[in-house]
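Only this structure's heavy atoms are used, side chains among them; waters, hydrogens and symmetry mates stay out. Being a predicted model, the structure only gives us computed values, none of them experimental. All residue numbers refer to positions in the sequence shown, counting from 1.
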Amino acid sequence: MNRSLGKIFIIALLPVLLLAKVSVSVDKPVVYEGDSVVFTITAEIPSYEVKVDGKTEKTKPLTVKTVKPTKDPNAAVVLDLRLEKREAYVGEAIRFDIVFKRRLNARVDQIQIEEPKFEDFWIKKIDGIKQGSEGEYVTQTYSYLLFAQKSGKLTIPALTAEVGQTVRRNSKRGMNDAFFNSFFSTRMQVSKIFSNEAVLDVKPLPGGLELFGDFNIKVSVDKQEVHANKPVNLTVSIDGV
């Protein structure tokens, strides 16, 4: 999946309204790729009397900068994208892992990992989540099989995860009721983390082959002896991945 970087220029053309004041704004000047930006046009008309003189008022162009998401490998929570190998043939199954890592002292109350959907790949999810540890991190591994649908150097883009932590609200009521506090005095604080990218070098199948995998082929006949001109049943069995 190719994602272009750069700047987005937004220009709005509005008809001139007599004594009208027109302004435009965006809710944030810098965003990560894929995030949304709210573009607002505000017009103030102090009088109901409107004259149209054929002129056009053009607002100033606004600039929104998109930045590439980055991963901090030493953060309290980390998202790793891992491939079992960097080269494969078209259609070959490649194990693909998403590893969520959390330091022992980092509390995580909620996690939502982006489901992988990659252009030029067919993806099969492997059931189950593997729990483990790496150094001072505890890990959760989500595994998939990738099948490249074309040859070339294919980029697997960074994935995201939303990590939630329950925090206490500042209560202004001065209430000490335990039931009330347990349900109404906390909120979920959510932050977004990014994984790394990966590049897979996919080669075309050699010799014009159309299948790739690990196969077993067995051949058997239903008779070991037979008279001339009598039929024999030959069975070819193929199994594998």
Side-chain angles (χ1 to χ4, degrees), residues 1-4 33-34 68-69 71 73 77-102 108 110-135 137-163 192-241:
M1 179 181 297
N2 295 324
R3 298 182 178 180
S4 61
E33 290 181 0
K68 199 176 187 64
K71 183 184 87 169
V77 289
V78 178
L79 194 64
D80 278 347
L81 185 157
R82 301 175 184 176
L83 295 175
E84 66 172 335
K85 55 184 180 180
R86 299 293 178 172
E87 294 184 355
Y89 287 102
V90 172
E92 180 183 358
I94 302 296
R95 187 183 179 92
F96 165 73
D97 291 332
I98 302 172
V99 183
F100 176 75
K101 302 176 12 179
R102 173 181 61 84
V108 174
Q110 176 181 294
I111 176 175
Q112 183 173 349
I113 297 177
E114 178 186 2
E115 194 69 21
K117 294 180 181 179
F118 305 137
E119 188 177 354
D120 302 321
F121 287 95
W122 182 70
I123 303 175
K124 177 178 174 60
K125 186 173 185 178
I126 299 175
D127 293 335
I129 301 174
K130 183 180 179 181
Q131 308 287 340
S133 63
E134 294 181 8
Y137 289 93
V138 292
T139 62
Q140 294 176 209
T141 302
Y142 305 79
S143 298
Y144 302 80
L145 292 178
L146 293 183
F147 301 83
Q149 302 300 295
K150 72 175 186 180
S151 60
K153 291 188 180 296
L154 305 183
T155 298
I156 298 173
L159 294 174
T160 63
E162 292 186 348
V163 180
K192 182 181 289 188
I193 62 173
F194 301 90
S195 76
N196 54 301
E197 290 185 345
V199 177
L200 184 64
D201 187 4
V202 183
K203 303 180 183 300
L205 293 175
L209 296 177
E210 295 183 359
L211 292 176
F212 182 93
D214 183 13
F215 301 101
N216 296 313
I217 302 178
K218 297 180 180 179
V219 178
S220 62
V221 292
D222 64 339
K223 300 174 183 176
Q224 298 296 322
E225 295 182 2
V226 66
H227 293 290
N229 298 321
K230 294 295 183 179
V232 176
N233 290 324
L234 174 69
T235 303
V236 180
S237 300
I238 303 175
D239 64 78
V241 177

Let's go through Leu234 and Val219 carefully: what are the C-alpha distance in whole Å and the side-chain angles of both, what is the deciding distance for side-chain contact (heavy atoms from CB on, under 4.5 Å) to 0.1 Å, and is it a yes or a no?
CA-CA 7 Å; Leu234 174 69; Val219 178; 3.2 Å; yes
With sequence neighbours left out, which residue pairs that include part of residues 122-133 fulfil the salt bridge (charged side-chain N to carboxylate O under 4.0 Å, His left out) condition?
none
Summary of salt bridge (charged side-chain N to carboxylate O under 4.0 Å, His left out) pairs that have at least one residue in residues 138-147, sequence neighbours excluded
none
Verify, without hydrogens or angle tests, whether [X] (side chain) and [Y] (backbone) share a donor-acceptor contact under 3.5 angstrom.
{"X": "Asn196", "Y": "Leu81", "result": "yes"}
{"X": "Glu162", "Y": "Gln112", "result": "no"}
{"X": "Ser195", "Y": "Leu79", "result": "no"}

For a quick test of reading the model, state the closest non-hydrogen atom pair linking [X] to [Y] and the distance between them.
{"X": "Ile94", "Y": "Glu87", "value": "CD1-O, 4.4 Å"}
{"X": "Pro157", "Y": "Thr155", "value": "CD-O, 3.5 Å"}
{"X": "Tyr89", "Y": "Pro204", "value": "CD2-O, 3.4 Å"}
{"X": "Glu114", "Y": "Leu159", "value": "OE1-CA, 3.5 Å"}
{"X": "Leu83", "Y": "Ala198", "value": "CD1-CB, 3.9 Å"}

In Å, rounded to the nearest 0.5 Å, how long is the span from CZ of Arg102 to OG1 of Thr139?
10.0 Å
So Phe121 and Leu200, do their side chains get closer than 4.5 Å, heavy atoms only?
yes
Tell me, do Ile111 and Val77 make a side-chain contact under 4.5 Å, heavy atoms counted?
no
Distance-only criterion, 3.5 Å: show the donor-acceptor pairs between side-chain atoms of residues 142-152 and protein atoms not counting sequence neighbours.
| from | atom 1 | to | atom 2 | distance (Å) |
| --- | --- | --- | --- | --- |
| Tyr142 | OH | Gln140 | NE2 | 2.8 |
| Ser143 | OG | Arg95 | NH2 | 2.9 |
| Ser143 | OG | Asp97 | OD1 | 2.6 |
| Tyr144 | OH | Glu115 | OE2 | 3.3 |
| Gln149 | NE2 | Phe147 | O | 2.9 |
| Lys150 | NZ | Asp120 | OD2 | 3.4 |

Tell me whether the count of non-hydrogen atoms from other residues, nucleotides or ligands lying under 6.0 Å of NZ in Lys223 goes above 12.
yes
